[in-house]
Trainee: 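First, the structure itself, so that you have it in front of you.
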Amino acid sequence: MSTVELTAENFDQTVTDHEFVLIDFWASWCGPCRQFAPVYEKASEKHEDIVFASVDTEAQQQLAAAFDVRSIPTLAIIRDKTLIYAQPGALPEAALEDLIKQAREVDMDEVKRKAAEAEAEQA
């Protein structure tokens, strides 16, 4: 599956319709972003059950701000409408594959339970 351009307009629908979404925040002037792009594209072809999305931070400043993106590239992972990972930095292929493997292994029921507990404590 090729990467999907993520915008403020299609973000909610994309996250709602898909269980697993990887997001690459990038800009055309960013050298590390351009270096990471082929690695990200190759991974998208290997993992057809995952939506690989990209956000042009210049065109989608509101979306980048919502994720508190301060440097690019930044990679974010959303599973079951829950952000489980967000880190800046271009990853080599092996590290990206390992990150995807770890994200697949996350117990989302446990994540949601802990989030509900934290929310209840704040109330």
Trainee: With heavy-atom distances below 4.5 Å as the criterion, would you say the side chains of R70 and D68 are in contact?
Mentor: yes
Trainee: Can a side-chain donor-acceptor contact be found between R104 and H47 if the only test is distance below 3.5 angstrom?
Mentor: yes
Trainee: Starting at CG of D17, measure out to CG of D12 and round the result to the nearest 0.5 Å.
Mentor: 10.5 Å
Trainee: Examine F52 together with F20 and report whether their ring centres are nearer than 6.0 Å.
Mentor: no
Trainee: Answer yes or no: are there more than 12 heavy-atom neighbours, outside K42 itself, under 6.0 Å from its atom NZ?
Mentor: no
Trainee: Does the side chain of Q87 come within less than 4.5 Å of T74's, by heavy atoms?
Mentor: no
Trainee: Mind telling me whether F67 and F11 have parallel, tilted or perpendicular rings, with 30° and 60° as the class edges?
Mentor: perpendicular
Trainee: Report the distance from atom OG1 of T57 to atom CD of Q62, rounding to the nearest 0.5 Å.
Mentor: 14.0 Å
Trainee: For D107 and D109, indicate whether the former's side chain and the latter's backbone hold a donor-acceptor pair under 3.5 Å.
Mentor: yes
Trainee: Using a 4.5 Å cut-off on heavy atoms from C-beta on, say whether the side chain of V51 contacts that of T14.
Mentor: yes
Trainee: Find out whether V21 and I77 are in side-chain contact, i.e. whether some heavy atom of one side chain is under 4.5 Å from a heavy atom of the other.
Mentor: no
Trainee: Hey, are the side chains of V106 and V111 touching, using non-hydrogen atoms and a 4.5 Å cut-off?
Mentor: yes
Trainee: Walk me through whether I23 and L6 qualify under side chain to side chain contact (heavy atoms under 4.5 Å, CB included).
Mentor: CA-CA 8 Å; I23 306 170; L6 205 56; 3.8 Å; yes
Trainee: Taking the side chain as everything from C-beta on, heavy atoms only, tell me whether I84 gets closer than 4.5 Å to M108.
Mentor: yes
Trainee: If we count only N and O atoms by modelled type, under 3.5 Å, do the side chains of Q60 and D56 hold a donor and an acceptor together?
Mentor: no
Trainee: Quick one: does any side-chain atom of R79 pair with a main-chain N or O of E19 as donor and acceptor, under 3.5 Å?
Mentor: no
Trainee: Does the pair L75 and Y40 meet the rule for a side chain to side chain contact (heavy atoms under 4.5 Å, CB included), with working shown?
Mentor: CA-CA 10 Å; L75 191 62; Y40 192 70; 3.7 Å; yes
Trainee: Mind listing the closest non-hydrogen atom pair of E105 and K101 along with its distance?
Mentor: OE2-NZ, 3.0 Å
Trainee: Between the main-chain N or O of E41 and the side-chain N or O of S44, is there a donor-acceptor pair closer than 3.5 Å?
Mentor: yes
Trainee: Check this for me, if you would: do E97 and K46 make a salt bridge, where the nitrogen-to-carboxylate-oxygen distance has to be below 4.0 angstrom?
Mentor: yes
Trainee: For E119, does the CD atom sit with more than 12 other heavy atoms under 6.0 Å from it, leaving out its own atoms?
Mentor: no
Trainee: Are L99 and W26 connected, step by step, through hydrophobic side chains (Ile, Leu, Val, Met, Phe, Trp, Tyr) whose heavy atoms are closer than 4.5 Å?
Mentor: no
Trainee: Closer than 4.0 angstrom, basic N to acidic O: yes or no for E110 and R113?
Mentor: yes
Trainee: For a 4.5 angstrom cut-off between non-hydrogen side-chain atoms, does P73 reach P88?
Mentor: no
Trainee: State whether the number of non-hydrogen atoms from other residues, nucleotides or ligands found under 6.0 Å of E58 atom CD is greater than 12.
Mentor: yes
Trainee: Can you measure from OG1 (T16) to CG (N10) and round to the nearest 0.5 angstrom?
Mentor: 11.0 Å
Trainee: Rounded to the nearest 0.5 Å, what separation is found between the CG atom of L83 and the CD1 atom of I78?
Mentor: 6.0 Å
Trainee: Could you tell me whether the side chain of F36 reaches within less than 4.5 Å of the side chain of D24, counting heavy atoms only?
Mentor: yes
